[in-house]
Amino acid sequence: MKQYIFPNQEPKSTAQLMSRAETLAGLTLGELADINKIKVPVNFKREKGWTGQLLERCLGATAGSKSEQDFAKLGIELKTIPIDENCFPLETTYVCYAPLLDVAGIEWRSSNVRNKIQQVLWVPIDGRREIPPRDRRIATPFLWTPSSEQDHQLRMDWEELMEMISLGNIENITAKHGQYLQIRPKAADGSALTDAIGKNGQKIQTRPRGFYLRKEFTSQLLADYFGL
DNA sequence: GAGTGATCATAA
DNA sequence: TTATGATCACTC
């Protein structure tokens with residue numbers, strides 16, 4: 001039986017990180033969890049972020065909820081993405097919280113969204129619902145940096161959405177806005193509230209929101225990588 | 001069935 | 001409460 005070593009240490013180089021990631025390809029989540037003596041949930045009704053956290057541990061990401069890339073020294077963000085039999089994404093991809101206050105002067109170039117996804121290590125996983133979590137298989141991880149075209153696609157949506165926020169129209173933003181980047185609620189439940197800019201520039205309370213990459217966006221980079 | 005809005009676990 | 005990791009599940 002092949003031995004896999006998964007140090008809980010931050011990788012020192014991109015090459016080392018990629019080398020670790022490549023050894024994961026072909027493993028099921030169950031196999032990977034067993035190696036690390038971690039229990040696999042029967043479903044993700046409760047532990048929705050389990051897969052991402054498993055991969056973080058296996059690749060040596062710095063744990064925690066810090067607002068920076070998973071591999072800060074390498075400038076690389078880790079994202080697992082569930083795919084179907086055609087390598088098409090099954091879910092949108094959360095990027096970061098949407099700023100709802102003090103948004104004047106924020107530019108795309110220095111935005112949270114752009115910063116977060118400058119370099120992403122995508123770990124596609126067969127996430128078909130009919131496959132139990134422990135049998136879901138990890139596909140080939142790959143490193144991605146937005147092309148100038150992709151950067152532009154996201155910038156257009158981001159600017160439209162941020163303008164609405166700055167003008168006090170957060171309550172009018174729905175997930176239907178944005179062709180590639182959307183804004184949706186992001187909270188423990190509907191009771192969570194945060195400050196935002198209201199219609200007349202006053203402070204209001206609203207549900208916290210997050211930026212998400214639509215499947216139309218992530219499917220492009222998956223197709224590019226897999227040569228589809 | 002797809003997609004939007006809602007929700008779950010955890011850390012600090 | 002904000003932020004990390006996301007998927008669930010109801011409505012259209």
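In what follows, every chain begins at residue 1, and chains take the letters A, B, ... in the order their sequences are listed.
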Does [N] have OP1 or OP2 sitting under 4.0 Å from an N or O in the side chain of [X]?
X: A:Q182; N: B:dT4; result: yes
X: A:K116; N: C:dT4; result: yes
X: A:R214; N: B:dT4; result: yes
X: A:T80; N: C:dG5; result: no

Nearest to the side chain of [X], which nucleotide is it out of [options]?
X: A:R129; options: B:dA9, B:dG3, C:dC8; result: C:dC8
X: A:K186; options: C:dC8, B:dC8, B:dG3; result: B:dC8
X: A:K48; options: B:dG3, C:dG5, B:dT7; result: B:dT7
X: A:Y97; options: C:dT2, C:dA6, C:dT7; result: C:dT2
X: A:P82; options: C:dT7, B:dT4, B:dA6; result: C:dT7

Any donor-acceptor pair under 3.5 Å joining the side chain of [X] to the base of [N]?
X: A:Y212; N: C:dA6; result: yes
X: A:K176; N: B:dG5; result: no
X: A:R184; N: C:dT7; result: yes

Partners passing ring-ring contact (aromatic ring centres under 6.0 Å, His included) against A:Y225 (at least two apart in sequence or in another chain):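 So A:Y225 forms a ring-ring contact (aromatic ring centres under 6.0 Å, His included) with A:F142.
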
Can you list the residues that meet the ring-ring contact (aromatic ring centres under 6.0 Å, His included) rule with A:Y94, with sequence neighbours excluded?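 In terms of ring-ring contact (aromatic ring centres under 6.0 Å, His included), with neighbours along the sequence ignored, A:Y94 is linked to A:Y212.
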
Evaluate whether atom NE2 of A:H152 has more than 12 neighbouring non-hydrogen atoms of other residues, nucleotides or ligands under 6.0 angstrom away.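 Check fails, neighbour count at 12 or below.
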
Please tell me which of A:R136 and A:V95 maps to the more 5' nucleotide of DNA chain C, matching each residue to the nucleotide holding its nearest heavy atom.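 On the 5' side of the pair lies A:V95.
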
Over how many whole Å does the gap from A:K39 atom NZ to B:dT10 atom C1' extend?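 From A:K39 NZ to B:dT10 C1': 17 Å.
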
Gap between atoms CZ and C1', on A:F44 and C:dG5 respectively (whole Å):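 In whole Å, C:dG5 C1' and A:F44 CZ are 11 Å from each other.
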
Hey, are A:E171 and A:R209 close enough for a salt bridge, meaning a charged N less than 4.0 Å from a carboxylate O?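 Counted as a salt bridge, because a side-chain N and a carboxylate O are separated by less than 4.0 Å.
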
